[in-house]
Structures are given as C-alpha cells and as structure tokens.
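To start, the structure itself, in structure tokens.
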Amino acid sequence: MTVQTVAIVGAGTMGNGIAHVFALHGYETTLIDLDEPLLDEARGTIEQNLTRQVEKDAIAPADRADALDRLSFTPDTASGVAVADLVVEAVPEERSLKAEVFGTLDEHAPDEAILASNTSSISITWIGSQTDRPDRVVGMHFFNPVPVMTLVEAVRGQRTSDATYDVVADVADDLGKHPVEVDDYPGFVSNRVLMPMINEAIFCVMEGVAEPDDIDTVMTLGMNHPMGPLTLADFIGLDVCLHILEVLHDELGDDKYRPCPLLRRKVTAGQLGRKTGEGFFEYE
Ligand code: 3HC
C-alpha cells in the first residue's frame with residue numbers, strides 16, 4: 001500500500017507538529033479538529049515553525065510554500081478522513097474520547113486505510129478493539145517538538161498486522177524519522193523509562209535534596225541531557241506526566257511508578273508547566 005493522503009485528528013501541540021512534518025514531506029495532509037479557534041491557532045503555529053526552519057536554512061522558502069499548499073484544515077472528521085490512506089489520531093489522552101474518535105474513523109475512513117494513534121500511554125490493542133479493523137490499527141508515537149525530534153515509536157498491538165506495521169515504519173522513514181519497533185505494554189519504552197526519572201526528580205524537590213534549578217543542572221551538565229527533568233516535565237505538561245505515571249502504576253501494578261505527591265499537588269493547583277505559565281519554573 002502506498003500512502004499519499006493523510007489526515008491528522010487533533011490540532012494541539014502534537015497534532016500540528018505531525019501535520020507540519022507530513023505536509024513538508026510531500027503528503028496531502030488534512031488537519032482536523034472540532035475546535036475551530038484551535039485549528040486557526042494550529043495553522044499559525046505551523047506557518048511560524050516553517051518560517052523558523054527557513055530562517056535556519058533547514059528548508060528552502062519554496063519547501064515552506066509547497067508544504068502550506070498541501071495542508072488543509074477542517075472541523076469535520078467524516079469528510080476529512082474520507083479519502084485518507086493513513087489517519088494519525090492525536091487527541092487528548094482520555095479513553096472515552098479515543099473510543100469515540102476511533103469509532104468515527106472506522107466508520108468514515110476508507111476500508112483499507114490504516115488508523116494510527118499518537119497515544120503515549122493508552123494500549124494500542126485496546127484502541128484496535130474499538131474498531132472493526134484491529135489489524136489496521138497501530139501506534140505512531142511522535143515526540144515534541146515533532147519537527148525536530150527524530151524518533152517514532154512504532155507500536156504493534158496484539159492484532160496489528162505485519163503489513164500495517166511495515167507501512168507505518170516506511171512512512172516514518174520517509175518523514176526523516178527513525179522508527180523503533182515497540183511492543184504494546186504500558187508507556188511503551190519512552191515513557192516507561194522517562195517518567196520514573198522525572199518522578200524521582202520531583203521526589204528530590206519534595207524531600208529538599210536540592211533546588212529545582214540544581215537538580216536540572218545535575219542532569220544537563222552531568223548527563224548531557226538537553227533539558228533537565230523538571231524543565232522537561234514543564235515542557236511536556238505536569239498533567240500529562242501525572243496521567244502517564246498513573247497508567248504505569250495501575251497497569252504494571254508496581255509501586256515504583258507511584259506518582260510523587262508534589263506532582264499531584266501541582267496538577268491540582270493548575271500549575272501544569274509551560275502551558276499555564278508555571279510548573280517547577282515560571283514562564284513569560
Ligand atoms: N519547529 C521547528 N523547529 C524547531 C521547533 C519547532 N517547533 N522547536 C525548535 N526547533 C529548532 C530550532 O529552530 C533549532 O534549530 P537549529 O538547530 O537549526 O538552530 C533547534 O530546533 C533547537 O532549538 P532552539 O535553538 O530553539 O533551542 P534548544 O537548542 O534549547 O532546543 C529542544 C530545543 C529541541 C526542545 C531541546 O531543548 C530538546 O531536545 N529538548 C528535549 C525535548 C524532549 O525530550 N522531547 C521529548 C518530550 S517527551 C514526548 O514528547 C513524548 C510524550 O509522550 C510525553
């Protein structure tokens with residue numbers, strides 16, 4: 001199967017980054033979101049991020065113009081996926097929402113279309129079970145900022161076919177990404193390894209082991225991480241980190257994944273990180 005036309009469902013940070021990358025690599029791309037102001041904002045973000053790439057000489061001005069020509073935006077999921085070869089879902093991490101979205105995709109996308117999810121924590125096997133095509137459901141887990149980060153976790157659900165896996169691995173390659181094959185277990189590899197590190201950094205804050213700035217400095221200067229774990233947690237969103245830790249804790253049943261009480265307290269207070277202007281650090 002050759003993928004030429006893609007639809008991305010969800011115009012948040014991940015969805016607009018995913019649409020950006022597909023359009024830039026020659027795919028006819030439709031970005032779908034019921035929230036029209038969010039769609040407008042996504043268009044502006046993509047335009048700005050493409051401009052940033054032109055200014056950095058990463059792409060030519062004509063590449064930017066071609067990418068924008070290949071992009072369309074709609075609040076209507078049914079028409080947006082009607083001719084898609086591949087759909088990538090990037091809506092918030094709520095099971096009921098994923099079930100509803102995948103029900104709609106299964107009904108309106110062509111029978112042969114592949115339905116991929118960018119989920120960071122919900123089982124691909126479970127998402128597949130919400131459709132009549134579990135063999136064509138697969139995980140395509142991108143990383144923020146999507147135009148920069150070159151990893152895609154390509155996640156095989158219990159019933160994902162080899163043919164489906166091969167198509168998304170080839171597409172990820174074509175996007176200039178490095179696909180890594182991952183089996184369907186909670187948090188896959190990325191978040192299973194990353195989130196306990198972030199959680200432990202938050203325990204260090206709570207226990208007064210060191211100041212947040214200093215904890216991050218240990219990891220940037222000592223381990224060469226581009227961002228310290230607390231800066232990264234603020235970048236990802238503390239609510240997202242808490243949700244992923246809860247999934248790891250519930251589904252793997254091991255207390256080593258218990259979310260730090262300070263993380264819960266910050267989320268309850270609405271201090272969610274960069275997106276709310278305050279998390280472990282303050283933002284303009
Ligand atoms: N679009 C296009 N280009 C972008 C961009 C965007 N949204 N954001 C940054 N860039 C480009 C910049 O133009 C710059 O390009 P250059 O190298 O050609 O000059 C380059 O990326 C670096 O950006 P900056 O100079 O602005 O800043 P930094 O050097 O501090 O890099 C960063 C920013 C790439 C975000 C870096 O700090 C980093 O790699 N941080 C770690 C990010 C990370 O770990 N992400 C994974 C999060 S986990 C996740 O997403 C999974 C989920 O399930 C939780």
Side-chain angles (χ1 to χ4, degrees), residues 10-25 41-60 63-64 67-68 71 88-94 98 116-124 139-155 175-178 180 182 184-199 201 216-217 219-221 223-248 259 263 267 272-275 279 281 283-284:
T13 305
M14 296 306 287
N16 76 57
I18 296 167
H20 169 141
V21 166
F22 271 103
L24 190 57
H25 286 82
E41 212 181 289
R43 186 199 304 263
T45 303
I46 294 171
E47 284 172 1
Q48 268 174 27
N49 283 332
L50 286 166
T51 300
R52 182 210 293 243
Q53 287 177 303
V54 172
E55 285 168 358
K56 299 265 179 174
D57 279 334
I59 62 173
D63 298 332
R64 178 184 185 278
L68 291 174
L71 259 175
V88 183
E89 165 277 317
V91 304
E93 295 283 272
E94 291 160 29
K98 300 275 185 202
S117 176
N118 177 56
T119 183
S120 52
S121 59
I122 295 177
S123 157
I124 297 301
M140 253 188 128
H141 185 207
F142 290 84
F143 292 80
N144 185 23
V146 181
V148 179
M149 306 299 283
T150 52
L151 176 66
V152 171
E153 279 184 310
V155 186
L175 296 175
K177 307 292 185 197
H178 185 96
V180 171
V182 178
D184 186 25
Y185 285 101
F188 314 131
V189 172
S190 54
N191 283 316
R192 181 141 171 199
V193 174
L194 174 65
M195 289 300 160
M197 181 189 71
I198 286 177
N199 204 35
D216 273 8
T217 300
M219 299 306 287
T220 52
L221 297 189
M223 305 342 158
N224 238 358
H225 290 192
M227 283 178 167
L230 300 168
T231 304
L232 183 55
D234 278 357
F235 181 66
I236 292 169
L238 300 189
D239 52 337
V240 175
C241 294
L242 176 58
H243 175 77
I244 297 171
L245 281 161
E246 282 172 335
V247 170
L248 291 171
L263 173 60
V267 172
L272 306 183
R274 204 176 273 227
K275 63 188 164 190
F281 303 102
Y283 303 88
E284 301 267 299

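None of the values given here were measured: they were computed from a predicted structure. When a ligand or atom number is given, it counts from 1 through the structure's own listing order.
Between the side chains of His20 and Gln53, a donor-acceptor pair is found at a separation under 3.5 Å.
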Under 3.5 Å: N or O atoms of ligand 1 paired with protein N or O:
unit_1	atom_1	unit_2	atom_2	d
ligand 1	7 (N)	Asn49	OD1	3.4
ligand 1	7 (N)	Asn49	ND2	3.4
ligand 1	19 (O)	Lys56	NZ	3.0
ligand 1	45 (N)	Asn144	O	2.7
ligand 1	50 (O)	Asn144	N	3.0
ligand 1	53 (O)	His141	NE2	2.8
ligand 1	53 (O)	Asn191	ND2	3.1

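Here the two rings, on Phe143 and His141, have centers that are under 6.0 Å apart.
Within the 4.5 Å cutoff, side-chain heavy atoms of Met197 are placed close to those of His225. Counting heavy atoms from C-beta outward, Met227 and Leu232 have side chains that approach closer than 4.5 Å.
A salt bridge does not link Lys275 with Asp234: none of the charged nitrogens is closer than 4.0 Å to a carboxylate oxygen.
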For residues 145-152, please give each side-chain donor-acceptor pair under 3.5 Å, one per line with the distance, not counting sequence neighbours.
none

